[in-house]
Number of protein chains: 2
Amino acid sequence: MKTISRKEEIIQVASRLFYEKGYKTVSMRDIATAMDIKAASLYNHINGKQEILSEIILKVAEEFTVGMENVVSEKISAIEKVEKVIEMHIDITVNYSEALAALNNDWMHLEKSNLSAFVKMREDYEENFRKIIKQGIEMGEIKAHHPEVILFSILSTLRTLYLWYQKRGKLDMNILKRDMVAVLIKGLI
Amino acid sequence: MKTISRKEEIIQVASRLFYEKGYKTVSMRDIATAMDIKAASLYNHINGKQEILSEIILKVAEEFTVGMENVVSEKISAIEKVEKVIEMHIDITVNYSEALAALNNDWMHLEKSNLSAFVKMREDYEENFRKIIKQGIEMGEIKAHHPEVILFSILSTLRTLYLWYQKRGKLDMNILKRDMVAVLIKGLI
DNA sequence: GTCTATAAGCAGATAGAC
DNA sequence: GTCTATCTGCTTATAGAC
């Protein structure tokens, strides 16, 4: 049971509010009120609203980057890599579900240098995933559909998982992983 | 080549801006500037910013509602219904791609009565889709995975299609439909 | 570390002239 | 139908007392 700093508390509270109402709709007063302090007091711990956003988004973006690099470096088949990516997404969703709202919906409000860092990480991530799929098609492990359609279909599902996790979070994670992998890889019929 | 009213023009311009920056970030001044008029002039055609949002969202929501009702009433197998739903989503995405950003991301900013109307339509839509899937499982047409996982997986992909359509809109729609149906229904392997 | 007070700017919206 | 001028309230952020 670790004690969290005031800055970490701000980020935690802000993540929840951003998840509920979106970055632009949440004011510094809203965040302060939720912590039972005044808005001005926040500025003793953080430099501004932008900093809260970038701390939330970049931390999770780095988790995805590291996770994907780990999968890529493993010596397993393409299909097994896809499975690992799906499982990694589910794990990160469980640990950072509220932060994922900002990452998915509010990344465009990052300020310039953080914005380009985020976009770079996101593009690299997609490119790594694309390579896995293309390799799987070349090796005959994956059916030769348009690789972009496959990439998009899996990524959209994984990226919006955080929305669904909050509503039906009770579902056992192992069952979720098993069924999600099965549905995405083996299809419906 | 139909001439559009000033009100329709406002809604069209606003849809594009909401797609690019989100409802909360776009000001009435932004919309007016994009039309080369002053913000005050907008109020001669619409009652306020909220009205612009509800016009955009509810129109498309009704398209989905009607489309789903048509599919449900057809006398075809569950798998064929799923195919029809996917094709309908692709058609609506092509026709209303910018409006779909507001529908997906800004529906929570609708005012009370429009908000509840939208939520009702959305829930009915999901329930109809859920019934199709459950029926398919009962009839043995669809594998007996958790129906919520199947529903969520297909819906997430279809709901974020508008993002992808803008980037790679050049792809032939018939190829997209064929591959999307194949990937979502038959899977990767 | 939190407070009060306040600055400077932008938001949605209205009144009334043309 | 569009304009200018303006109102009211909220935004992020800072200064300085305690």
Side-chain angles (χ1 to χ4, degrees), chain A residues 2-58 101-102 105-115, chain B residues 2-58 101-102 105-115:
Chain A
K2 182 183 156 200
T3 36
I4 63 169
S5 72
R6 211 81 172 109
K7 179 170 178 176
E8 283 166 336
E9 192 186 346
I10 291 170
I11 289 167
Q12 210 171 67
V13 169
S15 296
R16 199 193 70 230
L17 293 175
F18 294 168
Y19 171 82
E20 289 166 2
K21 305 198 287 176
Y23 175 72
K24 278 282 173 181
T25 311
V26 174
S27 70
M28 294 299 272
R29 277 175 180 77
D30 292 334
I31 299 169
T33 302
M35 295 177 65
D36 258 308
I37 56 174
K38 298 291 176 186
S41 307
L42 294 172
Y43 291 86
N44 240 327
H45 309 284
I46 42 97
N47 292 320
K49 200 184 170 187
Q50 290 268 7
E51 190 187 341
I52 301 177
L53 185 68
S54 58
E55 295 257 351
I56 294 172
I57 293 180
L58 293 182
N105 307 319
D106 297 315
W107 58 269
M108 70 280 271
H109 300 122
L110 287 168
E111 60 189 341
K112 216 183 157 200
S113 83
N114 285 323
L115 177 64
Chain B
K2 181 183 156 201
T3 35
I4 62 168
S5 72
R6 211 80 171 107
K7 179 171 177 174
E8 282 166 336
E9 193 186 345
I10 291 170
I11 289 168
Q12 211 171 70
V13 169
S15 296
R16 200 192 70 233
L17 294 175
F18 293 167
Y19 171 83
E20 288 165 1
K21 304 196 288 175
Y23 175 72
K24 277 282 172 179
T25 311
V26 175
S27 69
M28 294 297 274
R29 282 169 179 79
D30 291 333
I31 299 168
T33 303
M35 296 177 66
D36 257 308
I37 57 175
K38 299 292 176 184
S41 308
L42 295 172
Y43 291 86
N44 242 319
H45 308 285
I46 41 100
N47 291 320
K49 201 186 172 188
Q50 290 268 8
E51 189 187 341
I52 301 177
L53 184 67
S54 58
E55 295 258 350
I56 294 172
I57 292 180
L58 292 182
N105 307 318
D106 296 316
W107 59 269
M108 70 280 273
H109 300 123
L110 288 168
E111 58 189 340
K112 216 183 158 201
S113 83
N114 286 322
L115 177 64

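Below, all heavy atoms of this structure are taken into account, side chains as well, without hydrogens, waters or symmetry copies. For clarity, every value in this text was computed on a predicted model and none was experimentally measured. Within every chain, numbering begins at 1; the chains are lettered A, B, ... in the order of the sequence lines, protein sequences first and strands thereafter.
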- Task: Map A:Asp30 and A:Ala40 onto DNA chain D by nearest heavy atom, then report which one ends up closer to the 5' terminus.
- Result: A:Asp30

Tell me: [atom1] of [X] to [atom2] of [N], nearest whole Å?
X: A:Lys38; N: D:dT11; atom1: NZ; atom2: C1'; answer: 16 Å
X: A:Ile46; N: D:dT12; atom1: CD1; atom2: C1'; answer: 10 Å
X: B:Gln50; N: C:dG12; atom1: CD; atom2: C1'; answer: 11 Å
X: B:Asp36; N: D:dC3; atom1: CG; atom2: C1'; answer: 14 Å
X: A:Leu42; N: C:dT4; atom1: CG; atom2: P; answer: 14 Å
X: A:Ile37; N: C:dC3; atom1: CD1; atom2: P; answer: 6 Å
X: A:Leu53; N: D:dT12; atom1: CG; atom2: C1'; answer: 15 Å
X: B:Ile31; N: C:dA11; atom1: CD1; atom2: P; answer: 11 Å

- Note on the structure: Result for side chain to side chain contact (heavy atoms under 4.5 Å, CB included) between A:Glu55 and one of A:Ile11, A:Asn114, A:Ile46, A:Ile10 points to A:Ile11

- Note on the structure: With B:Phe18 as partner, the option from B:Ile52, B:Thr25, B:Val13 fulfilling side chain to side chain contact (heavy atoms under 4.5 Å, CB included) is B:Ile52

- Starting at CG of A:Leu53, measure out to CD of A:Glu111 and round the result to the nearest 0.5 Å. 9.0 Å

- Does any N or O in the side chain of B:Asp106 come within less than 3.5 Å of the main-chain N or O of B:Tyr23, such that one atom is a donor and the other an acceptor? yes

Are OP1 or OP2 of [N] and a side-chain N or O of [X] less than 4.0 angstrom apart?
X: B:Tyr43; N: C:dA13; answer: yes
X: A:Lys49; N: D:dT12; answer: yes
X: A:Ser41; N: C:dC3; answer: yes

- Task: Carefully, step by step, assess A:Glu20 and A:Arg16 under the rule side chain to side chain contact (heavy atoms under 4.5 Å, CB included).
- Result: CA-CA 6 Å; A:Glu20 289 166 2; A:Arg16 199 193 70 230; 3.7 Å; yes

- If you take all heavy atoms of A:Lys24 and A:His109, which pair is closest and at what distance? CE-CD2, 3.7 Å

- Item | Of residues 10-29 of chain B, the positions that come close to DNA chain D - non-hydrogen atoms, cut-off under 4.0 Å | none

- Name all pairs fulfilling the salt bridge (Lys or Arg N to Asp or Glu O under 4.0 Å) condition that reach into residues 27-37 of chain A, sequence neighbours left out, sorted by first residue then second. A:Lys21-A:Asp30

